[in-house]
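Accompanying notes for the structure given below.
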Amino acid sequence: MVTQLIKREVEKLLLKVQKPGRYTGGELGSIIKDKDKVDVRFAFCFPDTYEIGMSHLGMKILYSQFNSYDHIWCERVFAPWVDMEELMRKNNIPLYGLESGDPISEFDFIGFTLQYELSYTNVLNMLSLGGIPLLSKERKDLNNIVVAGGACTSNPEPLADFIDIFFIGEGEEVDLEVIELYRECKKNSKSKDEFLRLASQIEGVYVPALYDVEYNEDGTIKSFTAKVNAPQTVKKRIMLDMDKSFYPENFVVPMVEIVHDRAVSEIFRGCIRGCRFCQAGFMTRPVREKSKDTILSQCKLLCDNTGYDEVSLSSLSSSDYSDIVGLLNTLTEWSDKDGVSLSLPSLRVDGFTDDIMSKIKTVRKSGLTFAPEAGTQRLRDAINKNVKEEELLNTCHVAFSGGWTNVKLYFMIGLPTETLEDVEGIAKLGQAVVNEYYRCETRTKGRGVNVTVSASSFVPKPHTPFQWEAQDSIEQILLKQNHLKESITTKKITFNYHDSKTSYLEGVFARGDRKLCRVMLKAAEKGFRFDGWNDCFDFDAWMEIFKECNIDPDFYTSRKREFDEILPWDFLSYGVSKEFLKRECEKAYNSQTTPNCREKCSNCGAACYKGGVCFEKR
């Protein structure tokens, strides 16, 4: 009865909001079950809009996997945009699952995927909108268990007071193990505390309530102590055999346009490169590939079941697949016949060849994207990018001769050891690409070239060699942005850059500790949400909250840490040793590079998983 009431009430609101299709459900491929015939209901919450959440591959995988079990019903929940939220609160409509329309308070698990630090306020706002107590200690019963996984669990501490369980690493196995434990505890009438203690014994599970933190007088961490037999070190979970890892045969097909509206095939996890700024590259080690046959089968099934005619090959660096040309040959035999186009969204500068270009020519030539990351060779060596200017120019020449006229180049400013000369080098590299276009005799005649230079602000992240580094201040970033803008002298280069204030706040929460939970709670009380969106972000209001909580945000951003300091995330093990990260940090200051994993093993520690690229040659 409640469900039908909510559905009728929601229907009345849809004509008053932007994009009503965000809130209706009923899409092709969505899964409906009888709630009276399932043991566990899981609300999979994405703390951003429908269009962004529906583009996320991790959500697609786990939604399908959970629902492949008869006793689990997983539903999708997205953050309503501000217009819909206002109407929901005004009409007392709680946040609900898209499949059933039931309030999230009726679910056993309320799970969040954490992909971006500025979505944290959306997590708390969604709980509030669902009528769920924000603090873990206020949720006493064995229901509404709030869990979280994703990239930002690399440092879960700023949300430690709110989340019952964090999943560390890849979720396909550990999530199901926790759900099965919950099912048993529920059947045997165990308490929430008993369930959490048992869950903490599962590898890849972090229960914040079972750990105590003590601080030094200077605000740094003195000790981090496990209680009631919880593990002192929480180790990430990993899927070693990617051919046997679950992958959906179907996607929910949205009824409104989403950010990435196509089929997606994951071809491998991890990265061989070791770029010193890249959190994903270190956290997902070692590289584990799918076979060509598995990838082909999954692409076929997805296109047949969804009707998509474009497949994106997903990985951190697609051209690093060990036989990328052989893979593309295998795929194009099918895709050409079926009228399906292939896209490789993550190509390295040194990985775009004539062979690859010929295979993806069917994709509309809207532009190619490469990431040199830094403007000078010295700085590229310092960050271990291992890309030379001549390689970039040769790659662009190949693209221009193949008919492309738009190239996007991604850089970062604020990197450790960076000077204004390095910043100016970004403009010079952009100009060199423009010049290369006009040197290319086989370019498309009668058309000009457009080079887009995008410069994001570097944020030091946990579990990387730069996790100890100070982050550039807002003033320093603004100075560098202006210098870069002034260094560009042609209209053929379009310059885009990120807001330095959002990057500053991202840095605070990326490397923060549990003391920031007070800040998060205060932000939730004031109704903060969608801080990653310019429409809603209010930097001055955030600074006021820090002041009210007597917390200096510069402590987390502008302060360089010593190697022997206990970091808030040191109790988490992602397989890469702290000693290796220290060595890499020291090499950065000497602009020394480290070879990639296929050239030479650098003993990072990831061989502890006994699989993947570490054992390819054995």
Side-chain angles (χ1 to χ4, degrees), residues 47 114 116-125 127-128 133-139 146 148 152-163 166 208-225 457 459-462 467-478 499-532 536-562 564-571:
L114 306 176
Y116 181 36
E117 291 82 358
L118 294 194
S119 71
Y120 289 176
T121 50
N122 274 9
V123 171
L124 301 190
N125 193 51
L127 290 175
S128 167
L134 299 188
L135 293 167
S136 176
K137 64 184 179 183
E138 293 178 355
R139 301 188 296 269
V146 179
C152 291
T153 57
S154 59
N155 175 26
E157 293 305 275
L159 288 176
D161 288 352
F162 312 104
I163 307 296
F166 287 98
L210 302 184
Y211 295 81
D212 286 333
V213 186
E214 190 178 352
Y215 297 93
N216 295 307
E217 287 186 11
D218 65 358
T220 58
I221 295 174
K222 183 177 182 180
S223 64
F224 190 91
T225 311
S457 303
V459 177
K461 291 293 177 85
Q467 64 181 356
W468 295 278
E469 293 298 315
Q471 182 175 338
D472 269 6
S473 67
I474 292 171
E475 292 74 23
Q476 287 172 309
I477 292 295
L478 289 173
D499 175 37
S500 58
K501 291 180 178 177
T502 56
S503 297
Y504 174 83
L505 195 63
E506 178 186 344
V508 173
F509 289 111
R511 294 191 294 172
D513 52 34
R514 285 193 187 187
K515 288 178 284 189
L516 290 177
C517 290
R518 300 203 311 270
V519 176
M520 291 302 308
L521 190 58
K522 184 76 70 174
E525 290 169 357
K526 292 178 181 284
F528 283 30
R529 75 276 206 238
F530 286 108
D531 290 294
C536 301
F537 181 65
D538 188 335
F539 182 75
D540 292 336
W542 271 106
M543 293 305 104
E544 189 59 36
I545 288 180
F546 283 115
K547 190 175 179 181
E548 288 177 32
C549 294
N550 197 28
I551 288 177
D552 179 8
D554 285 349
F555 178 80
Y556 302 106
T557 55
S558 304
R559 183 176 63 88
K560 186 176 173 69
R561 292 141 177 78
E562 299 299 326
D564 60 358
E565 180 178 330
I566 297 175
L567 303 173
W569 52 89
D570 273 350
F571 67 96

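None of these values were measured; they are calculated from a predicted model. Count residues from 1 along the sequence. All values below were derived from every heavy atom in this structure, side-chain atoms included, with hydrogens, water molecules and symmetry-related copies excluded.
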query: Hey, what do you get for SG (Cys536) to CG (Leu118), rounding to the nearest 0.5 Å?
result: 12.0 Å

query: Just by modelled atom types, is the Lys515 backbone N or O under 3.5 Å from a matching donor or acceptor in the Asp513 side chain?
result: yes

task: Go through the steps to decide whether Lys526 and Glu544 satisfy the test salt bridge (Lys or Arg N to Asp or Glu O under 4.0 Å), and finish with yes or no.
output: CA-CA 11 Å; Lys526 292 178 181 284; Glu544 189 59 36; over 6 Å; no

- request: Would you please name every residue forming a salt bridge (Lys or Arg N to Asp or Glu O under 4.0 Å) with Arg559, sequence neighbours left out?
  value: Glu565

pair Leu134-Ser128: side-chain heavy atoms closer than 4.5 Å: yes

message: Run the ring pair (Phe, Tyr, Trp, His ring centres under 6.0 Å) test against Phe555 and tell me which residues pass, sequence neighbours left out.
response: none

query: Do Asp554 and Tyr504 have side-chain N/O donor and acceptor atoms under 3.5 Å apart?
result: yes

query: Taking all non-hydrogen atoms of both residues, which atom of Leu516 and which atom of Ile551 are closest, and how far apart?
result: CD2-CG2, 4.2 Å

- prompt: Between the side chains of Thr121 and Asn125, is a donor N or O closer than 3.5 angstrom to an acceptor N or O?
  reply: no

message: Show, in sequence, the C-alpha distance, side-chain angles and deciding distance for Thr153 and Leu114, and conclude whether the side chain to side chain contact (heavy atoms under 4.5 Å, CB included) test is met.
response: CA-CA 7 Å; Thr153 57; Leu114 306 176; 4.3 Å; yes

message: With a sphere of 6.0 Å drawn around CD of Glu562, does it hold more than 12 non-hydrogen atoms of other residues, nucleotides or ligands?
response: no

- request: Kindly determine whether Glu469 and Arg511 satisfy salt bridge (Lys or Arg N to Asp or Glu O under 4.0 Å), including the steps that lead there.
  value: CA-CA 11 Å; Glu469 293 298 315; Arg511 294 191 294 172; over 6 Å; no

query: Between Phe166 and Pro208, is any pair of side-chain heavy atoms under 4.5 Å apart?
result: yes

field: Main-chain N/O of Ile566 paired with Arg561 side-chain donor or acceptor, under 3.5 Å
entry: no

- prompt: What closest approach, in Å, do Pro156 and Phe571 show between heavy atoms, and which atom pair accounts for it?
  reply: CG-CZ, 4.3 Å

task: Using a 4.5 Å cut-off on heavy atoms from C-beta on, say whether the side chain of Leu521 contacts that of Glu525.
output: yes

query: Looking only at heavy atoms, which two atoms of Tyr120 and Pro158 are closest? And how far apart?
result: CE1-CB, 4.3 Å

query: What's the shortest heavy-atom distance between Arg139 and Phe162, and which atoms?
result: NH2-O, 2.6 Å

- prompt: Would you find more than 12 non-hydrogen atoms of other residues, nucleotides or ligands less than 6.0 Å from Asp218 atom CG?
  reply: yes

query: Passes salt bridge (Lys or Arg N to Asp or Glu O under 4.0 Å), Glu548 versus Arg518? Steps please.
result: CA-CA 10 Å; Glu548 288 177 32; Arg518 300 203 311 270; over 6 Å; no

query: Above 12 or not: heavy atoms from other molecules or residues under 6.0 Å from NZ of Lys547?
result: no

query: With Arg514, which of Val213, Ile221, Asp212 fulfils side-chain contact (heavy atoms from CB on, under 4.5 Å)?
result: Val213

field: Shortest non-hydrogen separation from Tyr556 to Gly512 and the atoms involved
entry: CD2-CA, 3.6 Å

- prompt: Where do Leu124 and Phe528 land on the side chain to side chain contact (heavy atoms under 4.5 Å, CB included) test, with the steps shown first?
  reply: CA-CA 9 Å; Leu124 301 190; Phe528 283 30; over 6 Å; no

task: Take Phe546 and Leu505, measure what side chain to side chain contact (heavy atoms under 4.5 Å, CB included) needs, and give me the verdict at the end.
output: CA-CA 11 Å; Phe546 283 115; Leu505 195 63; 3.8 Å; yes

message: Is there a side-chain contact between Trp542 and Lys501 in this structure, where contact means two heavy atoms from C-beta onward sitting under 4.5 Å apart?
response: no

query: Which value, rounded to the nearest 0.5 Å, describes the distance between Leu135 atom CG and Ile163 atom CD1?
result: 11.0 Å

- prompt: Do Glu117 and Lys461 come within less than 4.5 Å of each other through their side chains, counting heavy atoms only?
  reply: yes

query: If you round to the nearest 0.5 Å, how far is SG of Cys517 from CE of Met520?
result: 8.0 Å

field: Distance-minimising heavy-atom pair for Ser500 and Ser457
entry: CA-OG, 4.4 Å

task: State whether the side chain of Asp570 and the backbone N or O of Leu567 hold a donor-acceptor pair below 3.5 Å, judged by distance alone.
output: yes

message: Can you tell me how far apart CG (Leu127) and CG (Asn122) are? Round to the nearest 0.5 Å.
response: 11.0 Å

task: Begin with the C-alpha distance, continue with both residues' side-chain angles, and end with the deciding distance and a verdict on side chain to side chain contact (heavy atoms under 4.5 Å, CB included) for Phe539 and Asp499.
output: CA-CA 11 Å; Phe539 182 75; Asp499 175 37; over 6 Å; no

